Amino acid sequence: MAGREEQDEDGPDERAADPSQGVYGISVVSGLLGTGVQNLRAYERAGLLQPDRTAGGTRLYSPEDVARLRRIQRLLTDGLNLTGVGRVLDLEDDLAEARQELEQLRDGGPAPD
DNA sequence: TTTCTAACA
DNA sequence: TGTTAGTA
């Protein structure tokens, strides 16, 4: 029955419910993206993302990191190089932040007369 | 698991 | 330049 939300915790459990918390190992992410672990490290070296690390130093990729990695591959296949990908990701991140600020201004911004 | 090096398209 | 492969 589906009465219990979490009966068995197989693999990455979402009990944390934190999309920014690293839960996937590099091998798991490499399988999800269909690429080698070496590429994932290359992306990190390029500064495209910084996955969390355990006390032992093992990389832990969060769902957000996986989504970002998918965008990275998308941009790479689009013809961009790692530098261009990092540029786009940085701009997109900045754009998301700007949109958040804009939303705040619209919601509870300075009441116009 | 990590890092590095080498080679290929 | 990016990816793959092998190695310690």
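Proteins get letters first, then strands, A, B, ... in listed order; numbering begins at 1 in each. If you're wondering where the values come from, they're calculated on a predicted model, not measured in any experiment.
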With A/Y61, which of A/V28, A/L69, A/L33 fulfils side-chain contact (heavy atoms from CB on, under 4.5 Å)? A/L69

Is C/dA8 paired to anything, Watson-Crick or G-U wobble with both distances less than 3.5 Å, and if yes, which nucleotide? B/dT2

When you group the ILVMFWY residues by side-chain heavy-atom contacts below 4.5 Å and let the links chain together, are A/L60 and A/L32 in the same group? no

Interatomic distance where OH belongs to A/Y61 and P belongs to B/dT2 [whole Å]: 7 Å

Side-chain N or O of A/S27 closer than 4.0 Å to phosphate OP1/OP2 of B/dT1: yes

Determine, stepwise, if the pair A/L49 / A/I72 fulfils side chain to side chain contact (heavy atoms under 4.5 Å, CB included). CA-CA 10 Å; A/L49 44 21; A/I72 290 169; 4.3 Å; yes

Answer yes or no: does atom CD of A/E103 have more than 12 heavy-atom neighbours from other residues, nucleotides or ligands under 6.0 Å? no

May I have the distance from A/E44 (atom CD) to C/dT3 (atom P), rounded to whole angstrom? 15 Å

Output yes when at least one side-chain N/O atom of A/R59 is less than 4.0 Å from OP1 or OP2 of B/dT1, else no. no

What is the distance, to the nearest angstrom, from the CG atom on A/N81 to the P atom on B/dA9? 21 Å

Would the base of C/dG6 count as contacting A/Q38 through its side chain, where contact means a donor and an acceptor less than 3.5 Å apart? yes

Base, sugar-phosphate or nothing for A/T54? Non-hydrogen atoms, less than 4.0 Å. nothing

Rounded off to whole Å, could you give me the CZ-to-P distance for the A/R41 and B/dC4 pair? 9 Å

Please determine if a side-chain N or O atom of A/Y43 lies less than 4.0 Å away from the OP1 or OP2 oxygen of C/dT3. yes

How many Å lie between CG on A/L69 and P on C/dT3, as a whole number? 11 Å

Calculate the interatomic distance between A/R53 atom CZ and B/dT1 atom P; express it in whole Å. 13 Å

Can a side chain N or O of A/R45 be found less than 4.0 Å away from OP1 or OP2 on B/dT2? no

